[in-house]
Amino acid sequence: MAIAQEFFQSGRKLAKQGQHQEAIGEYTRAIELDPNYAEAYFYRGNTLALEGQPQKGIEDFQKAAAIFTSRGES
């Protein structure tokens with residue numbers, strides 16, 4: 001989990017710098033390491049939408065929502 005979090009944090013930093021494609025890659029790596037990393041799905045979805053891929057973004061938002069719901073979070 002710690003390594004997944006490092007990729008997630010790297011993605012957040014890259015996204016803030018406007019490096020969206022690189023950020024998507026980092027979020028994807030975090031998700032590969034931890035398939036239940038809801039925050040990574042959420043932020044990847046947001047970044048995908050910003051990059052003109054709204055349908056993929058929606059799919060990630062839905063996945064994040066399902067994970068949050070399974071944890072009892074809203």
Side-chain angles (χ1 to χ4, degrees):
M1 176 68 177
I3 295 173
Q5 188 174 16
E6 290 174 20
F7 281 113
F8 174 74
Q9 292 301 328
S10 175
R12 295 283 292 132
K13 182 178 178 181
L14 289 164
K16 288 178 184 177
Q17 296 172 350
Q19 298 178 16
H20 296 143
Q21 290 301 317
E22 293 85 354
I24 290 167
E26 295 295 277
Y27 296 140
T28 300
R29 287 181 189 91
I31 291 165
E32 288 169 349
L33 292 167
D34 181 1
N36 292 312
Y37 203 150
E39 294 84 355
Y41 280 105
F42 177 83
Y43 282 99
R44 185 176 72 174
N46 186 50
T47 307
L48 285 164
L50 289 172
E51 285 294 294
Q53 299 180 60
Q55 186 57 43
K56 287 185 179 182
I58 290 168
E59 291 169 11
D60 274 0
F61 289 141
Q62 290 171 334
K63 180 68 175 175
I67 295 168
F68 282 127
T69 300
S70 73
R71 292 184 195 164
E73 300 174 28
S74 54

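Heavy atoms only: backbone and side chains are in, while hydrogens, waters and symmetry mates are out.
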Open item on the list: Please give me the minimum heavy-atom distance between A4 and D34, naming the atom from each residue.
Closed with: CB-CB, 4.0 Å

Open item on the list: For the CD atom of Q62 and the OG1 atom of T69, what is their distance to the nearest 0.5 Å?
Closed with: 11.5 Å

- [ ] Only pairs at least two apart or in different chains count here, so list each salt bridge (charged side-chain N to carboxylate O under 4.0 Å, His left out) that has a residue in residues 62-74.
- [x] E39-R71, R71-E73

TODO: Under 4.5 Å between side-chain heavy atoms, chaining through other members, with only Ile, Leu, Val, Met, Phe, Trp and Tyr counted: pull out the rest of the cluster around I31, sorted by chain and number.
DONE: Y41, I67

- [ ] Would you mind listing the cluster partners of L50? Hydrophobic ones only (ILVMFWY), side-chain contacts under 4.5 Å, chaining allowed.
- [x] none

Task: Set of ring-ring contact (aromatic ring centres under 6.0 Å, His included) partners for F61, sequence neighbours left out - done: F42

Open item on the list: Apply the hydrophobic cluster definition, ILVMFWY joined by side-chain contacts under 4.5 Å directly or through others, and give me every member besides F68.
Closed with: none

For residues 19-28, please give each side-chain donor-acceptor pair under 3.5 Å, one per line with the distance, not counting sequence neighbours.
from	atom 1	to	atom 2	distance (Å)
H20	ND1	E51	OE2	3.0
Q21	NE2	E51	OE1	2.9
E26	OE1	S10	OG	2.9
E26	OE2	R29	NH1	2.7
Y27	OH	G11	O	3.3
Y27	OH	R12	N	3.4
T28	OG1	I24	O	2.8
T28	OG1	R44	NH1	3.1

TODO: Specify the closest pair of heavy atoms between A38 and A64, including all atoms of both residues, with the distance to one decimal.
DONE: O-CB, 3.4 Å

- [ ] Could I get the full list of side chain to side chain contact (heavy atoms under 4.5 Å, CB included) partners for K13, not counting sequence neighbours?
- [x] Q17

